Amino acid sequence: MAARAAIVTGASSGIGLAIARMLGQEGYGLTLAARRPEKLATAAAALEGEGLELQHVAADVGSEDDLKRVVAAHRDRYGRLDVLVNNAGVGFGAPVGETSTKRLDMQLAVNLRAIVILYRECLDLLKAAGAEHRNALVVNTSSISGKFGQPWLSVYSATKHGVVGFTQAMNKELGADGIKSCALCPAFVDTDMTEFVKESVPAEQMIQPEDIAEAVRYLTKLSPACVIPEIMFTRPGDGL
Ligand SMILES: NC(=O)c1ccc[n+]([C@@H]2O[C@H](COP(=O)([O-])OP(=O)(O)OC[C@H]3O[C@@H](n4cnc5c(N)ncnc54)[C@H](OP(=O)(O)O)[C@@H]3O)[C@@H](O)[C@H]2O)c1
């Protein structure tokens, strides 16, 4: 059994898959969660083929019951939680006058509400890890839109600003318990989510998922005295 354990949501592709692979390589026992079961099973099989220790739980993070199932499965299998990666996310572009309530609710639920619920459901495990080694870590995938609001992505931007604000609050609220939180705020990353823009911004000019995973590896290795509350990733020419 792995000495340390992690949950990664949105682990079936892109940034989440790269973070999961890195954590598995670092020796963490993994619980991978994502929405579509077949896609998740394929990703999990690939990581298992690389010799990583894991289980996978198909779950819609917009569902409180599904989130509880993920945490229960993780608790049963590993009994501890050292790293929680709240990474699942969705974005829909639309002018504000054409924002559908369904898509508004989905982005709020997946990008923000799920993170709050997972902190709550994992709190005892995170506090136990924090008491043991003062380095329990929660990584929340925000976005550069969580720092600078983007037109036609206003709802997405609002949810990702919410992730940054919640992360700041968690550091103030849970820091004394040895629980550190970091919001990751990337510009364009080469994943399925950015397929729509790859005709004008080529994939090779985008940040790579492995760049984000390396930052998370670094976060796991900090001394207990050091907290990094957010990391922005931009590209040459983004001008930020
Ligand atoms: N790519 C970028 O340029 C960029 C920039 C800044 C921030 N981000 C953020 O990075 C995170 C990861 O996105 P990505 O770029 O890696 O895209 P991706 O490859 O499309 O990955 C998204 C992941 O989230 C999962 N997911 C989506 N909705 C879900 C739900 N309701 N329940 C459970 N899992 C769900 C997906 O599973 P299914 O495929 O089964 O739905 C998939 O595993 C997101 O939070 C995104 O907002 C991305």
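These figures come from a predicted structure and were not determined experimentally. Order of appearance sets the numbers: ligands from 1, and atoms from 1 within every ligand.
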J.: Tell me, which protein residue and heavy-atom name are nearest atom 34 (N) of ligand 1, and how many Å apart are they?
T.: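 Going atom by atom, the protein heavy atom closest to atom 34 (N) of ligand 1 ends up being Arg35 N, 3.3 Å.
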J.: I'd like to check whether Ile15 has a polar contact with ligand 1, where a contact means an N/O of the residue lying under 3.5 Å from an N/O of the ligand.
T.: yes
J.: Within the 4.0 Å heavy-atom shell around Ala11, which atoms of ligand 1 are there?
T.: 43 (O)
J.: Please could you name the atoms of ligand 1 that Thr141 approaches to less than 4.0 Å, counting only its heavy atoms?
T.: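 Atoms satisfying the 4.0 Å criterion: 9 (C), 10 (O), 11 (C).
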J.: Within the 4.0 Å heavy-atom shell around Val110, which atoms of ligand 1 are there?
T.: 31 (N)
J.: Between atom CD1 of Ile179 and atom CG of Leu84, what is the distance when rounded to the nearest 0.5 Å?
T.: 10.0 Å
J.: For the pair Asp66 and Arg69, find out whether any cationic side-chain nitrogen is under 4.0 Å from an anionic carboxylate oxygen.
T.: yes
J.: Any chance you could measure Tyr78, atom OH, to Leu54, atom CG, to the nearest 0.5 Å?
T.: 6.0 Å
J.: Measuring from Arg113:CZ to Thr159:OG1, what's the distance to the nearest 0.5 Å?
T.: 14.0 Å
J.: Determine whether any heavy atom of Gly91 lies closer than 4.0 Å to an atom of ligand 1.
T.: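 False for this residue.
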J.: Heavy atoms only: which of Glu195, Met193, Met206 lies closest to atom 13 (O) of ligand 1?
T.: Met193
J.: Which bit of Val90 gets closer than 4.0 Å to ligand 1, counting heavy atoms only: side chain, backbone, both or neither?
T.: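 For Val90, only side-chain atoms sit under 4.0 Å from ligand 1.
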J.: Could an N or O of ligand 1 be found under 3.5 Å from any N or O of Val61, whether backbone or side chain?
T.: yes
J.: Please determine whether salt bridge (Lys or Arg N to Asp or Glu O under 4.0 Å) holds for the pair Lys221 and Glu26, giving the CA-CA distance in whole Å, both sets of side-chain angles, and the decisive distance to 0.1 Å.
T.: CA-CA 10 Å; Lys221 295 183 183 298; Glu26 287 287 331; 2.9 Å; yes
J.: Under a 4.0 Å heavy-atom limit, does Ala59 contact ligand 1 with its side chain, its backbone, both, or neither?
T.: backbone
J.: For ligand 1, is Asp60 a contact, meaning one of its heavy atoms is under 4.0 Å away?
T.: yes
J.: Please report which non-hydrogen protein atom sits nearest to atom 6 (C) of ligand 1, along with the residue it belongs to and the distance in Å to one decimal place.
T.: Pro186 O, 3.2 Å
J.: Test of understanding: given a 4.0 Å heavy-atom threshold, classify the contact between Thr194 and ligand 1 as side chain, backbone, both, or neither.
T.: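 Side chain only.
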J.: Which atoms from ligand 1 have a heavy atom of Ala187 less than 4.0 Å away?
T.: 3 (O), 5 (C)
J.: Between atom CG of Leu240 and atom NZ of Lys147, what is the distance when rounded to the nearest 0.5 Å?
T.: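 Leu240 atom CG to Lys147 atom NZ measures 11.0 Å (nearest 0.5 Å).
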J.: Would you say Ser142 touches ligand 1, if touching means a heavy atom closer than 4.0 Å?
T.: yes
J.: Within this structure, what is the CD1-CD distance for the pair Ile15 and Gln208, rounded to the nearest 0.5 Å?
T.: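 If we round to the nearest 0.5 Å, Ile15:CD1 and Gln208:CD are 10.5 Å apart.
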J.: State, yes or no, whether a side-chain contact exists between Arg103 and Thr99 at a heavy-atom distance under 4.5 Å.
T.: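 Not touching, per the 4.5 Å side-chain cut-off.
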J.: When you measure from atom 15 (O) of ligand 1 to every protein heavy atom, which one gives the shortest distance, and what is it?
T.: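 Residue, atom and distance for the closest contact: Thr191 OG1, 2.6 Å.
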J.: Got an N/O contact under 3.5 Å between Val189 and ligand 1?
T.: yes
J.: Which bit of Cys185 gets closer than 4.0 Å to ligand 1, counting heavy atoms only: side chain, backbone, both or neither?
T.: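 The answer is neither.
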J.: Does any part of the side chain of Phe166, heavy atoms only, come nearer than 4.5 Å to the side chain of Val116, both counted from C-beta?
T.: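 They are in contact (side-chain heavy atoms under 4.5 Å apart), so the answer is yes.
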J.: Tell me the protein heavy atom at minimum distance from atom 19 (O) of ligand 1, and give that distance in Å.
T.: Ser13 OG, 2.7 Å
J.: Of the side chain and backbone of Arg36, name the one, both, or neither that has a heavy atom under 4.0 Å from an atom of ligand 1.
T.: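 Contact part for Arg36 vs ligand 1: both backbone and side chain.
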J.: Which atom names give the shortest non-hydrogen contact between Lys39 and Ser12, and what distance separates them?
T.: CE-OG, 3.6 Å
J.: Record the part of Asn87 in heavy-atom contact with ligand 1 below 4.0 Å; permitted values are side chain, backbone, both and neither.
T.: both
J.: May I ask which of Gly89, Gly14, Ser12, Gly146 has a heavy atom nearer to atom 22 (C) of ligand 1 than the others do?
T.: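 The residue whose heavy atom sits nearest atom 22 (C) of ligand 1 is Gly89.
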J.: When you compare ligand 1 with Gly10, is there at least one nitrogen or oxygen pair between them that comes in under 3.5 angstrom?
T.: yes
J.: With heavy-atom distances below 4.5 Å as the criterion, would you say the side chains of Val70 and Val61 are in contact?
T.: no
J.: With backbone taken as N, CA, C and O and side chain as the heavy atoms from C-beta onward, which portion of Ala33 lies under 4.0 Å from ligand 1: side chain, backbone, both, or neither?
T.: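 No part of Ala33 comes within reach of ligand 1.
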J.: What's the shortest heavy-atom distance between Lys160 and Ser143, and which atoms?
T.: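 Shortest heavy-atom separation between Lys160 and Ser143 comes out as CG-CB, 3.8 Å.
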J.: With respect to atom 46 (C) of ligand 1, which of Tyr156, Phe233, Phe188 exhibits the smallest heavy-atom separation?
T.: Tyr156
J.: Quick one: are Pro209 and Leu17 in side-chain contact, heavy atoms under 4.5 Å?
T.: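 In short, these two side chains do not touch, never coming nearer than 4.5 Å.
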J.: Starting from atom 26 (N) of ligand 1, which protein heavy atom do you reach first, and at what distance in Å?
T.: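 The closest one turns out to be Ala88 CB, 4.0 Å.
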J.: Check whether any side-chain heavy atom of Thr191 sits under 4.5 Å from a side-chain heavy atom of Met206, and report yes or no.
T.: no
J.: Quick one: are His133 and Asp82 in side-chain contact, heavy atoms under 4.5 Å?
T.: yes
J.: Do you see a donor-acceptor pair shorter than 3.5 Å between the side chains of Tyr119 and Ser181?
T.: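 Yes, a side-chain donor-acceptor pair sits under 3.5 Å.
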J.: Give the contacting part of Ala114 toward ligand 1: side chain, backbone, both or neither, where contact means a heavy-atom distance below 4.0 Å.
T.: neither
J.: Is it the side chain (CB and beyond), the backbone, both or neither of Met106 that lies under 4.0 Å from ligand 1, heavy atoms counted?
T.: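 Answer for Met106: neither.
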J.: What atoms of ligand 1 come within less than 4.0 Å of a heavy atom belonging to Ser143?
T.: 6 (C), 7 (C)
J.: CG of Asp60 to CE of Met106: how many Å apart, nearest 0.5 Å?
T.: 8.0 Å
